[in-house]
S.K.: 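Okay, here's the structure, questions in a sec.
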Amino acid sequence: MLMICTPHISLQCMSARLTGNFDSKPHLAAYVQSTTDTLLYDDAPEELQVNSLCDKVSLYQGDITQLEVDAIVNAANSSLLGGGGVDGCIHRASGPCLFAECRSLGGCSTGQAKITCGYELPAKYVIHTVGPIARGHLNENHKMDLANCYQSSLKLAKEFDLRSIAFPCISTGIYGFPNEPAAAIALNNVKEWLKKNHNEIDRVIFCVFLDVDFKIYKKEMTNVFLKDDDNKDEDDIEDDDGQKEDEQMNEVMGKMEQKPKSPPMKKYRAKKSENSHDDQEEKDTLSSEDMKDLNQTTEDQIPSPKTPEDKTDLSEENFPDEPKEINDTENEERITERKGSKVGQEDLKENEDTDETDVTMESQGQDDINRESTLNSPVDEVKDPVNINQMTDEEIDLCQETSPEVASYDVEMCSQNITESSGGNEKTAITED
Ligand SMILES: NC(=O)c1ccc[n+]([C@H]2O[C@H](COP(=O)([O-])OP(=O)(O)OC[C@H]3O[C@@H](n4cnc5c(N)ncnc54)[C@H](O)[C@@H]3O)[C@@H](O)[C@H]2O)c1
């Protein structure tokens, strides 16, 4: 059943139909999975008879930080240190521990993805990916980079046994990727991945924020997924048969052991060492490109306590192609608010000497920000991010309490590194600027 959840139906009544592997946290709106009836919206078309591939996808319009899924994807920038738009919302909603963990990841290249815990978010994990900066016009590299964002994020979801994932419209905001081609790339890449990994995930949610994206996805989703019914070719039929066998097998296996929903980081580590030969087999079949990605993602994903010299210098010169901050009136308020916190000062300093932003992108970014704020996006409720260096031991303990997944992750060690680095390179980097 192709699900299209719209704001007309309150999430509360929808969550009443919530089924499947989702923890029901009463205070959190949850995304809807209606298993029986057609879901839908006022001018709902006939019930959409679609093949099983579409049982896995949903369209949701709203704030991604509200979704109670295994992972939400963040449209981040290459520093992974937060910013505005969906990136800013996710960082604000998840709390200071997300910032601390991102800081230990050493940035992320365009088209790649890295995973962190979700901390105070209803989602268990955040997959940070960096989309291409298209500035309103497209070339083949932009399209490939955007496709890689979806592929890398889904690859991480599979590695971490995540069963549900929500994507925002990556790169279509301040990065200026045109909305329609971006939607087509998102839908087609998710479809191709689902064809090969049908049993690896229960739900992929396309979380749109703006009406323009909702209209595009509503139209495109039926085209991209319904098309399968008409021109199913031999391979697909074979795939489906193969998948049917897998499904039966999984059903039997499923009865024998309850699959863990999504193991916390620590378990993942144990699993990795036990079945390293499996990983090796998988690596043997992966292409060299995938190998690079896989190594890059798996080794980097598990934050291990870093010695001071390990730190990657996150100052601006290491991320030259990052578009500069947009300073419009709303942002100015936000910026003044953030000036109070040390983090705000650091980030602002890093961004202060920014060169001219691209006019198209700026106006697009500006429109996005204005539109976002008119949509009462959570961006309006800006909370000052607490600076990890100023966190007391109790706060750090609280971080670890709120997210069992990070029990083994030493926030203290990380904050110690940060204190040292802010005493060392970062200060130098800033004065050099
Ligand atoms: N530096 C800034 O002032 C600034 C401002 C906006 C965005 N950003 C962000 O811009 C870069 C990434 O650009 P991008 O176009 O990939 O991302 P983006 O600018 O956040 O836009 C991506 C999409 O997400 C949508 N969106 C915004 N808030 C939410 C939400 N709460 N839930 C769901 N969807 C939402 C937004 O409407 C757009 O369709 C990063 O640097 C990131 O920090 C920075």
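Counting starts at 1 for both ligands and their atoms, in listed order. One-based numbering along the sequence shown. A quick note: this is a predicted structure, and the numbers were derived from the prediction, not measured.
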S.K.: Does V224 offer a backbone N or O that forms a donor-acceptor pair with the side chain of K191 under 3.5 Å?
M.R.: yes
S.K.: Report yes or no: does R203 contribute a side-chain atom to a donor-acceptor pair with the main-chain N or O of I165 at less than 3.5 Å?
M.R.: no
S.K.: Who gets closest to atom 15 (O) of ligand 1 by heavy atom: G173, G176, P132?
M.R.: G173
S.K.: Can you classify the ring geometry of H91 versus F99 as parallel (below 30°), tilted (30 to 60°) or perpendicular (above 60°)?
M.R.: perpendicular
S.K.: Is there at least one pair of N or O atoms, one from I64 and one from ligand 1, spaced under 3.5 Å apart?
M.R.: yes
S.K.: Give the atoms of ligand 1, by number and element, whose distance to some non-hydrogen atom of T172 is under 4.0 Å.
M.R.: 15 (O), 23 (C), 38 (C), 39 (O)
S.K.: Can you sort out the partners of C169 under side chain to side chain contact (heavy atoms under 4.5 Å, CB included), two or more places apart, ordered by chain and number?
M.R.: T172, V208, D213, Y217
S.K.: Output yes when a side-chain donor or acceptor of T110 lies under 3.5 Å from a complementary backbone atom of V130, and no otherwise.
M.R.: no
S.K.: I'd like to check which ligand 1 atoms, numbered from 1 as shown, lie under 4.0 Å from a non-hydrogen atom of C169.
M.R.: 22 (C), 23 (C), 39 (O)
S.K.: With heavy-atom distances below 4.0 Å as the criterion, list the atoms of ligand 1 near D87.
M.R.: 42 (C), 43 (O)
S.K.: Do the side chain of R135 and the main chain of Y175 share a donor and acceptor less than 3.5 angstrom apart?
M.R.: no
S.K.: Is it true that a side-chain atom of S94 and a backbone atom of L121 form a donor plus acceptor pair closer than 3.5 Å?
M.R.: no
S.K.: Are any of the N/O atoms on F209, whether in the backbone or the side chain, positioned under 3.5 angstrom from an N/O atom of ligand 1?
M.R.: no
S.K.: Any N or O of T65 that comes nearer than 3.5 Å to an N or O of ligand 1?
M.R.: no
S.K.: Which of the atoms of ligand 1 are close to G62, meaning less than 4.0 Å from one of its heavy atoms?
M.R.: 32 (N), 33 (C)
S.K.: Check ligand 1 against C89 and write out every atom of the ligand that is under 4.0 Å from a heavy-atom position of the residue.
M.R.: 31 (N)
S.K.: Going by the angle between their ring planes, with limits at 30° and 60°, are F177 and H142 parallel, tilted or perpendicular?
M.R.: perpendicular
S.K.: When you measure from the heavy atoms of S171 to every atom of ligand 1, does any distance fall below 4.0 Å?
M.R.: yes
S.K.: Return yes or no for this condition: an N or O of C207 is under 3.5 Å from an N or O of ligand 1.
M.R.: no
S.K.: Could you tell me, atom by atom, which parts of ligand 1 come under 4.0 Å of a heavy atom of D213?
M.R.: 39 (O)
S.K.: What part of A75, side chain, backbone, both or neither, has a heavy atom within less than 4.0 angstrom of ligand 1?
M.R.: both
S.K.: Any nitrogen or oxygen of V86, side chain or backbone, less than 3.5 Å from one on ligand 1?
M.R.: yes
S.K.: Within the side chain of K114, is there an N or O that forms a donor-acceptor pair under 3.5 Å with the backbone of L105?
M.R.: yes
S.K.: Keeping the roles fixed (side chain from K56, backbone from V204), state whether a donor-acceptor pair exists under 3.5 Å.
M.R.: no
S.K.: Pull out every atom of ligand 1 sitting under 4.0 Å from any heavy atom of G83, numbered as shown with elements.
M.R.: 43 (O)
S.K.: Would you mind running through ligand 1 and noting each atom that sits below 4.0 Å from a heavy atom of D63?
M.R.: 30 (C), 31 (N), 32 (N)
S.K.: With sequence neighbours excluded, what pairs up with Q151 under the side chain to side chain contact (heavy atoms under 4.5 Å, CB included) test?
M.R.: N189, W193
S.K.: Would L210 count as a polar contact of ligand 1, with the cut-off being nitrogen or oxygen pairs under 3.5 Å?
M.R.: no
